Protein chains: 2
Amino acid sequence: MANKEFDTPEAVETAFYDAFSRMDLDLMSAVWGEDAHVLCIHPGSGLLRGKSAVMESWMEIFSGNVPPVVEHRFVDGFAAGNLAVRLVEELIRPRDKSPEAANRVLATNVYVRDARSWRLAEHHASLPLVERGTAAAAERRLH
Amino acid sequence: MANKEFDTPEAVETAFYDAFSRMDLDLMSAVWGEDAHVLCIHPGSGLLRGKSAVMESWMEIFSGNVPPVVEHRFVDGFAAGNLAVRLVEELIRPRDKSPEAANRVLATNVYVRDARSWRLAEHHASLPLVERGTAAAAERRLH
């Protein structure tokens with residue numbers, strides 16, 4: 001599995017969400033780059049840097065949970081050479097809940113191609129806690 | 001100001017945080033690309049797409065506020081050709097508060113170079129509401 005290769009950023013993305021929804025640690029590990037240069041921000045959380053910190057977090061997330069339903073939808077993105085940025089909307093819910101009960105997460109996923117394969121280099125996810133109209137109010141609270 | 005040009009992603013980034021801390025709408029407008037392809041997620045908020053929606057949000061944020069102190073620090077990033085991704089830590093506080101009282105924001109900034117200049121194409125900001133150790137607990141609450 002560590003040798004799994006991905007021909008496109010889209011293929012990595014599909015594998016990432018497959019790994020998440022199946023709680024498949026081997027596939028999750030294959031999705032990410034190998035080095036200290038990977039970055040992961042879970043919703044509402046701080047920054048994790050490096051493959052081992054990132055994988056430890058997924059191990060914790062998967063531990064003691066039942067596999068969730070994770071749907072994702074590409075929103076927009078940017079690409080050049082060996083680098084691709086894809087903003088996606090994630091809909092995450094327990095398997096026994098209806099789609100309306102899903103948590104909506106916005107994630108910016110950054111993919112980098114090395115000599116052999118595209119890999120996930122950064123996952124920055126956040127929960128839209130307030131709706132669009134009150135974004136400014138939320139930002140004001142920060143100041 | 002609309003014709004202002006930036007030679008590097010770093011120059012756009014400096015101008016972006018200058019515009020934020022001075023509440024300078026003209027400079028903020030010059031920083032962003034002109035088209036429908038720009039993306040902005042304020043901390044805890046939903047997605048804004050397109051230059052006019054993004055600028056409207058900054059107008060609201062600046063309206064009725066006094067300019068905050070905004071410090072930023074580059075954490076890590078990725079670049080290829082006309083595309084650059086820079087993860088930064090922002091420290092935002094009212095001018096009359098001490099640095100310890102600053103809100104810490106993590107932001108993934110995406111820059112794209114067009115024919116004339118580098119511009120900000122995406123700003124995805126989030127508040128780390130829980131610390132690293134409890135990231136998994138936070139993620140579990142989503143399922």
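Side chains included, hydrogens not; waters and symmetry mates left out as well; all remaining heavy atoms used. Remember, it's a predicted structure, so these values are computed and weren't measured experimentally. Sequence lines set the chain letters: A, B, ... in the order given, protein chains first and strands last, and positions in each chain run from 1.
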Decide, yes or no, whether a salt bridge links B/Arg86 with B/Glu10 under the criterion of side-chain N to carboxylate O below 4.0 Å.
-> yes

Which atoms of A/Ala79 come close to chain B, meaning under 4.5 Å heavy atom to heavy atom: side chain ones, backbone ones, both, or neither?
-> backbone

Rounded to the nearest 0.5 Å, what separation is found between the CZ atom of A/Phe6 and the OG1 atom of A/Thr14?
-> 9.5 Å

Flag the one option from A/Val70, A/Ile41, A/Asn82 with the top tally of heavy-atom pairs under 4.5 Å to chain B.
-> A/Ile41

Check whether B/Arg49 gets within reach of chain A through its side chain, its backbone, both or neither, counting any heavy atom under 4.5 Å.
-> side chain

Can B/Val85 be reached from B/Phe74 by stepping across I, L, V, M, F, W or Y side chains whose heavy atoms are under 4.5 Å apart?
-> no

Applying the 4.5 Å side-chain criterion to the ILVMFWY set and letting contacts propagate, would B/Val38 and B/Met55 be lumped into a single cluster?
-> yes

Under 4.5 Å from a heavy atom of chain A, the part of B/Leu87 involved | side chain

Checked A/Val69, A/Leu39, A/Val112 vs chain B; the most non-hydrogen pairs under 4.5 Å come from A/Leu39

With sequence neighbours left out, what residues match A/His123 under side-chain contact (heavy atoms from CB on, under 4.5 Å)?
-> A/Phe16, A/Tyr17, A/Trp32, A/Cys40, A/Trp58, A/Glu90, A/Ala107, A/Asn109, A/Leu120, A/Ala125

